[in-house]
S.K.: 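Sending over a structure as structure tokens; questions will come in a sec.
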Amino acid sequence: MGSSAFVLRGFALPYADALLSAITGIEASSPFRHMVTPGGFTMSVALTNCGKWGWIADRRGYRYSGLDPHHGQPWPAMPKIFEKLAHEAAIAAGFNDFVPDACLVNRYLPGSRLSLHQDKNERDFEAPIISVSLGMMATFLFGGNERTDKTIKITLYHGDVVAWGGKDRLRYHGVMPLKDQPHPVLGSQRINFTFRKAG
Ligand code: MD3
Ligand code: FE
């Protein structure tokens, strides 16, 4: 990967049970939903958030909001164990003092995909992003700073963590349509958490 992007294989395995049981609480108040992009496309990935800020898409654009538009209430708090995982993974990748204030939770089913994009709704591009994969494997696409730059493919497995920042922070990335290769614990789904400093 780029010089400021790191794949930490299996780093989240000790946290997997805690992450999965926390999802039950999060989705009870802020359910997974398929957002509609400003262009009018319904995302194949279902998403929810926890933490102070949640990422949303609607016909007006992409942004972070302190309130879940589903019910107009704040997003569920970020569990302490999420903060700890993100902080420890950041340190392992050489990013000190990372304290996330947003956690996007993406749920993929067979066929779900995420087209090439940059993560640029955050206020501060100095902070890294930490991504945690659980469940079915996915083929991740990692491009350059322009949409048309060549991409490389990286397979991400249950428990893998990716940390990126610095000069790689704004690189285009995406996820290929998921194949149905059921995971022994999660079955036919993949859950991805991305921890960010949004505010
Ligand atoms: C970006 N999620 O939610 S995270 C997203 O697997 C998102 O759900 C994907 O992109 C997912 O915005 C991918 C993993 C990742 C890894 C390395 C990157 C994103 C990256 C390097 C540069 C930029
Ligand atoms: Fe992204």
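When a ligand or atom number is given, it counts from 1 through the structure's own listing order. By convention here, the first residue in the shown sequence is residue 1.
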S.K.: Distance under 6.0 Å and angle within 45° of the ring axis: does Arg190 meet both against Tyr108?
M.R.: yes
S.K.: Is the closest heavy-atom distance from Tyr108 to ligand 1 below 4.0 Å?
M.R.: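 The answer is yes: ligand 1 sits under 4.0 Å from a heavy atom of Tyr108.
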S.K.: Does any N/O atom on His173 come nearer than 3.5 Å to any N/O atom on ligand 1?
M.R.: yes
S.K.: Can you tell me which N/O/S atom of His117 has the shortest distance to the Fe ion (ligand 2)?
M.R.: NE2
S.K.: Which atoms of ligand 1 have any heavy atom of Arg171 under 4.0 Å away?
M.R.: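 Under 4.0 Å from Arg171, ligand 1 has these atoms: 23 (C).
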S.K.: Are any of the side-chain heavy atoms of Tyr64 and Glu122 separated by less than 4.5 Å?
M.R.: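 They are in contact (side-chain heavy atoms under 4.5 Å apart), so the answer is yes.
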S.K.: Using a 4.0 Å heavy-atom threshold (strictly under), name the region of Trp55 that reaches ligand 1: side chain, backbone, both or neither.
M.R.: neither
S.K.: Within a distance under 4.0 Å of any heavy atom of Val175, pick out the atoms of ligand 1 and give their elements.
M.R.: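 Answer, ordered by atom number: 6 (O), 9 (C), 11 (C).
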S.K.: Looking at Arg123 and Asp101, is any side-chain nitrogen of the basic one under 4.0 Å from a carboxylate oxygen of the acidic one?
M.R.: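 Between Arg123 and Asp101 there is no salt bridge, as every charged N stays at least 4.0 Å from the carboxylate O atoms.
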S.K.: Could you tell me whether a side-chain N or O of Arg169 sits under 3.5 Å from a main-chain N or O of Lys120, the two making a donor and an acceptor?
M.R.: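 No, the answer is negative, given that no donor and acceptor are paired below the 3.5 Å cut-off.
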S.K.: Will you find, in the side chains of Ser133 and Asp160, an N or O donor that is under 3.5 Å from an N or O acceptor?
M.R.: no
S.K.: Taking 4.0 angstrom as the limit and counting only heavy atoms of Asp119, give me the atoms of ligand 1 inside it, by number and element.
M.R.: 12 (O)
S.K.: I'd like to check which ligand 1 atoms, numbered from 1 as shown, lie under 4.0 Å from a non-hydrogen atom of Arg196.
M.R.: 3 (O), 5 (C), 12 (O)
S.K.: Do you see a donor-acceptor pair shorter than 3.5 Å between the side chains of Arg63 and Ser65?
M.R.: no
S.K.: Between Val45 and ligand 1, find which residue part has any heavy-atom pair under 4.0 Å and reply side chain, backbone, both or neither.
M.R.: neither
S.K.: Nearest to the Fe ion (ligand 2), which N, O or S atom of Asp119 do we find?
M.R.: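 Output for this pair reads OD1.
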S.K.: For ligand 1, which atoms, with element, lie under 4.0 Å from some heavy atom of Thr194?
M.R.: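 Once the distances to Thr194 are compared, the set is 3 (O), 4 (S).
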S.K.: Which heavy atom of Ile191 sits nearest a heavy atom of Ile23, and at what distance?
M.R.: CG2-CD1, 3.7 Å
S.K.: Distance under 4.0 Å to a non-hydrogen atom of Val162: what atoms of ligand 1 satisfy this?
M.R.: 16 (C), 17 (C)
S.K.: How close do Phe6 and Ala93 get, heavy atom to heavy atom, and via which atoms?
M.R.: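 Heavy-atom minimum between the residues: CE1-O, 3.3 Å.
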S.K.: Just how far is it from atom NZ of Lys197 to atom CZ of Phe98, taken to the nearest 0.5 Å?
M.R.: 9.0 Å
S.K.: Out of Trp75, Tyr62, Phe195, which one pairs with Trp55 under the ring-ring contact (aromatic ring centres under 6.0 Å, His included) rule?
M.R.: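 In the set Trp75, Tyr62, Phe195, the residue that makes a ring-ring contact (aromatic ring centres under 6.0 Å, His included) with Trp55 is Tyr62.
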S.K.: Give the atoms of ligand 1, by number and element, whose distance to some non-hydrogen atom of Arg190 is under 4.0 Å.
M.R.: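 Result: 6 (O), 8 (O), 11 (C).
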S.K.: Is it true that His117 lies under 4.0 Å from ligand 1, counting heavy atoms only?
M.R.: yes
S.K.: Which residue from Ser133, Ser131, Ala138 reaches closest to atom 14 (C) of ligand 1 through any of its heavy atoms?
M.R.: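 That would be Ser131.
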